[in-house]
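See below for the structure under consideration.
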Number of protein chains: 2
Amino acid sequence: MEQNFRCNCPITSAIDVVGDKWSLVIIKQMLTEGKKTFKDFMESDEAIATNILSSRLKMLEQFKIINKGKLPENKKTNIYTLTDKGIALTPIIVELSIWSDNNLREFHSALYEGEQIEMIRNKKEKFINHIIENYKKNNWLQHGV
Amino acid sequence: MEQNFRCNCPITSAIDVVGDKWSLVIIKQMLTEGKKTFKDFMESDEAIATNILSSRLKMLEQFKIINKGKLPENKKTNIYTLTDKGIALTPIIVELSIWSDNNLREFHSALYEGEQIEMIRNKKEKFINHIIENYKKNNWLQHGV
DNA sequence: ATCTTTGCTTGCATTTAGCAAGTAATGTTT
DNA sequence: AAACATTACTTGCTAAATGCAAGCAAAGAT
């Protein structure tokens, strides 16, 4: 996988991995919208195409950002969960949200408002931990096993 | 510009603006490598193509993330500087750097090491301010005017 | 007056993303 | 058990973004 990196700068390398149009959107959906199956992602506001979704999930699995598993009672549905590497992307996602709220409103008036973003801004560190704890709680089955 | 946004989610919208392969790399170069002219960006480790660089600089200017100006004594060289919107991207860049250092090393063994990343990790908030103050100091001419 | 530097643009090739349709395996309903 | 529906894909084609090489005009240096 080494040949995929443009250079040895950590910032550029992070962008090489999760800097495409969809990776961080998928991770956001897992982290804050409780999405975990192929169908869940398909039905998102963002309307990702199925071939792109499929290739992105494979790539994220290769970089150990997500796990692919199944529940014992269902042999059809794949359950995708964030690994620790994936959960560690939370601060990036939170900072993107804060930046948009502060700087993009003049170009995009319909941006979500309100409590959640206010909460993120006021108590960033606490909110990051809240999102992570919430994610872990709702995915205890996968994380426990 | 409204039609460029996939939906009303702030995270997705931030990715719509700076989530391409080059925007955050250019901003990183300005913020941490002191680059400010077309030539500076051209000569980077990452080796951006000139047509892409040109279109990215225009786009970043449209979103008021950078300013394009000239020094009084030189009519040829364009000087690009970060606006406050651009400087506000610093926390995102810092978090990308931390994530890489903690999570990408197994896939990219040649990642830069050492002091700087250690410093970022240990004292994140202080380091963000240090980067910003340093940038502002070196660009006082543009910021002052 | 000529040469070099800077900041581009243009044309073409390649890669990545998007859309619509198809499909195989599983699960559900009658 | 047969038919239908759901899930998680793949395939083929189109469109958009990126990459490469060359060219070029304006400004500055020699």
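Given the structure is predicted, the values throughout are model-derived calculations rather than measurements. Letters A, B, ... mirror the listed sequences (proteins, then strands); counts begin at 1. Every heavy atom of this structure was used, including side-chain atoms; hydrogens, water molecules and symmetry mates were not.
When the side chain to side chain donor-acceptor pair (under 3.5 Å) test is applied to A:Asp45, the partners found at least two apart in sequence or on another chain are A:Tyr112. Checked against salt bridge (Lys or Arg N to Asp or Glu O under 4.0 Å), A:Lys21 has no partners two or more places apart in sequence or in another chain. Scanning for side chain to side chain donor-acceptor pair (under 3.5 Å) contacts around A:Glu61 gives an empty result, with sequence neighbours left out. Qualifying salt bridge (Lys or Arg N to Asp or Glu O under 4.0 Å) partners for A:Lys64, counting only residues two or more places apart in sequence or in other chains: B:Glu106. Residues meeting the side chain to side chain donor-acceptor pair (under 3.5 Å) test with B:Asn129, sequence neighbours left out: none. For A:Lys39, the salt bridge (Lys or Arg N to Asp or Glu O under 4.0 Å) criterion is met by A:Glu43, not counting sequence neighbours.
Only A:Thr50, A:Asn51, A:Ser54, A:Lys58, listed by number, bring a heavy atom of residues 44-60 of chain A to less than 4.0 angstrom from any atom of DNA chain D. Of the residues in residues 15-26 of chain B, none has a non-hydrogen atom less than 4.0 angstrom from any atom of DNA chain C.
You'll find the side chain of A:Ile65 reaches within 4.5 Å of the side chain of A:Val17, heavy atoms only. Looking at B:Phe63 and B:Val18, their side chains never come closer than 4.5 Å, going by heavy atoms from C-beta outward.
The nucleotide range of DNA chain D contacted by chain B, defined by atoms under 4.0 angstrom from heavy atoms of the protein and reported 5' to 3', is D:dT18 to D:dG28.
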Audit row: B:Ile92, A:Trp99, side-chain contact (heavy atoms from CB on, under 4.5 Å) steps and yes/no:
CA-CA 8 Å; B:Ile92 295 166; A:Trp99 185 81; 3.9 Å; yes
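Atom CZ in B:Phe41 sits about 17 Å away from atom C1' in C:dT5, given to the nearest Å.
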Using atom types as modelled, flag every donor-acceptor pair under 3.5 Å from a side chain in residues 47-56 of chain B to any protein atom, sequence neighbours excluded.
{"residue": "B:Ser55", "atom": "OG", "partner": "B:Ile52", "partner atom": "O", "Å": "3.1"}
{"residue": "B:Arg56", "atom": "NH1", "partner": "B:Asp20", "partner atom": "OD2", "Å": "3.0"}

For nucleotides 25-30 of chain C, read 5' to 3', which letter fits each nucleotide if B means a protein heavy atom sits under 4.0 Å from the base, S means only the sugar-phosphate is that close, and - means neither?
-BS---
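Within the structure, salt bridge (Lys or Arg N to Asp or Glu O under 4.0 Å) contacts touching residues 88-99 of chain B (residues at least two apart or in different chains) are B:Glu95-B:Lys124.
Between the side chains of A:Asp16 and A:Ser13, no donor N or O sits under 3.5 Å from an acceptor N or O.
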